[in-house]
Amino acid sequence: MSLKADPKRLQEYRRQMLRSAFVSLFWSIIQHKREKSKLKLQEIAHRLGKDKSVVSRWFSPDPPNWTLDTVSDIAGALDVELRIEAIERSTGVVFSPSGPRYQINIGERTEMTTADPRDRQPPRLVVNNSGLRGPPETAAA
Amino acid sequence: MTFNATLLDEVKAAGRLTDFVPVDDGVTVRLLHFTPELNALTNGDQPDTGFPTRLADPVLGRFVLGQCMWVCLSKEPDRKVDVDLKRLVDANEVWTFRFANVRRRINGWRMLGRFADYNRFVALRAYPRNNLATQWQWTEAIEQTLADWQAIFGNMPAHAGQDVDAYLSRPHQDVTQS
């Protein structure tokens with residue numbers, strides 16, 4: 001059996017990759033914004049109330065173990081909304097903070113919904129930037 | 001002559017190269033091909049060698065999953081940082097993956113190879129960094145890597161480019177000295 005299956009090794013790898021995923025995500029946004037709007041690391045540091053050297057050190061190959069507050073602050077400084085999802089490895093079911101999401105077919109379209117299609121309950125209301133909205137048929141009524 | 005996908009398929013079918021599989025699942029963005037020896041080494045199947053899987057796993061994982069890589073095209077980086085990938089100077093497109101930790105003073109290992117194409121790296125040899133202490137040892141390692149490449153791909157040249165974007169997809173940090 002390969003040592004790749006070692007649970008401790010897998011745990012350490014997953015921790016490292018989750019940390020670096022945040023670093024990589026934010027760096028890709030910074031790289032994009034730098035080209036589009038000439039955003040500088042100094043400006044991001046200013047928005048975060050941190051020294052530029054601290055922010056510079058964050059984006060290193062040895063990824064920091066950020067607190068969720070720091071993740072939220074960086075997302076705010078970069079003006080991005082973070083979306084959180086989890087995928088159950090054994091089934092592929094996607095979970096969001098508002099519950100599992102299911103794939104439904106509407107005519108030729110495929111959409112994701114938080115309502116289990118096996119339930120005969122109306123779709124839940126969703127909140128977005130433009131306020132509280134119901135499903136199309138109730139919104140029209 | 002440019003990258004030859006058919007030749008690579010033949011080499012893989014003959015068992016001379018294999019696709020690297022990270023420790024955990026994920027969507028592959030960049031490709032990494034290993035010799036069977038390197039595959040066994042990075043799998044952790046040769047613990048007596050002292051190969052630092054703890055350092056190598058996340059670097060290799062970040063590469064294939066398309067995450068940020070720290071890349072250097074000059075002899076030294078522009079800041080004190082653990083570079084992930086370095087193009088060796090005057091080495092005919094031989095690169096090295098670095099599994100090290102500067103802050104903890106761990107010299108680690110180096111894995112040498114060449115880009116076969118954009119986002120496609122072929123790793124051919126690995127050495128403990130302490131065995132690459134002299135210029136002579138580096139030169140010998142580079143020559144062995146080039147000989148391995150020749151034995152596998154014949155005259156197919158390595159992929160070459162002017163800047164980091166020519167070799168691998170973003171995100172990456174270019175820490176090349178200007």
Side-chain angles (χ1 to χ4, degrees), chain A residues 1-36 39-41 44 51-66 71 74 78 80 85-94, chain B residues 20-27 29 39-47 49 51-72 77-86 97-104 106 108 164-165 169-175:
Chain A
M1 185 181 75
S2 169
L3 285 177
K4 272 193 173 180
D6 175 19
K8 280 192 176 174
R9 183 176 176 185
L10 186 59
Q11 181 191 49
E12 177 68 20
Y13 175 80
R14 285 178 176 165
R15 287 178 175 181
Q16 288 284 326
M17 292 305 287
L18 183 62
R19 290 183 194 184
S20 67
F22 278 109
V23 171
S24 198
L25 170 69
F26 289 138
W27 187 256
S28 95
I29 296 165
I30 291 169
Q31 206 165 25
H32 178 78
K33 285 182 181 271
R34 271 179 161 176
E35 288 186 354
K36 295 283 178 189
L39 178 72
K40 292 185 174 170
L41 218 52
I44 298 165
D51 192 80
K52 187 194 165 194
S53 63
V54 174
V55 176
S56 183
R57 203 163 48 241
W58 282 348
F59 294 97
S60 72
D62 197 8
N65 193 3
W66 281 324
V71 169
I74 297 171
L78 293 173
V80 293
E85 284 186 349
I87 302 171
E88 191 174 39
R89 293 178 194 278
S90 57
T91 63
V93 171
V94 178
Chain B
F20 169 74
V21 178
V23 176
D24 199 12
D25 298 334
V27 178
V29 174
N39 200 42
L41 189 71
T42 55
N43 270 347
D45 297 337
Q46 299 173 351
T49 60
F51 183 80
T53 52
R54 191 177 173 279
L55 289 173
D57 285 348
V59 175
L60 299 173
R62 280 191 282 114
F63 181 83
V64 294
L65 299 185
Q67 288 194 16
C68 192
M69 298 293 290
W70 278 255
V71 188
C72 181
D78 64 359
R79 72 198 84 146
K80 193 174 181 181
V81 66
D82 279 316
V83 175
D84 295 318
L85 254 176
K86 190 173 184 178
F97 267 91
R98 298 175 73 259
F99 311 129
N101 191 310
V102 171
R103 196 161 46 84
R104 293 182 198 147
I106 300 172
V164 176
D165 279 324
S169 56
R170 294 186 175 192
H172 52 66
Q173 280 207 37
D174 183 354
V175 292

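The structure displayed is predicted, hence computed values, not measured ones. Chain letters run A, B, ... following the sequence lines, proteins first and then strands; every chain starts at 1. The analysis underlying the following values was restricted to heavy atoms, covering all of them including side chains, and did not include hydrogens, waters or symmetry mates.
Taking the charged nitrogens against the carboxylate oxygens, A/Arg89 and B/Asp24 do have a contact shorter than 4.0 Å, which makes a salt bridge.
Remark: side-chain polar atoms of B/Gln173 are paired, donor with acceptor, to backbone N or O of A/Phe59 under 3.5 angstrom. Checked by atom type and distance alone, the side chain of A/Ser24 pairs as donor or acceptor with a backbone atom of B/Cys68 at under 3.5 Å.
For the residue pair A/Tyr13 and B/Gly61, the shortest heavy atom distance occurs at OH-CA, 3.5 Å. Contact between B/Trp70 and A/Val23 at its shortest, heavy atoms only, is CH2-CG1, 4.0 Å. Closest non-hydrogen pair, B/Pro171 versus A/Gln31, comes out as CA-OE1, 3.3 Å. For the residue pair B/Pro58 and A/Gln16, the shortest heavy atom distance occurs at CB-CB, 4.0 Å.
B/Arg103 CZ to A/Arg57 CZ: the interatomic distance, rounded to the nearest 0.5 Å, is 9.5 Å. One finds the CD1 atom of A/Ile87 at 10.5 Å from the CG atom of B/Asp25 (value rounded to the nearest 0.5 Å). Once rounded to the nearest 0.5 Å, the distance linking CZ of B/Arg170 with CH2 of A/Trp27 reads 10.5 Å. Within the model, atoms CZ of B/Arg62 and CE of A/Met17 stand 7.5 Å from one another, a figure rounded to the nearest 0.5 Å.
Note: B/Thr53 leads B/Thr53, B/Val81, B/Leu65 in heavy-atom pairs under 4.5 Å with chain A.
At a threshold of 4.5 Å between non-hydrogen side-chain atoms, the residues A/Ser28 and B/Gln67 do not count as touching.
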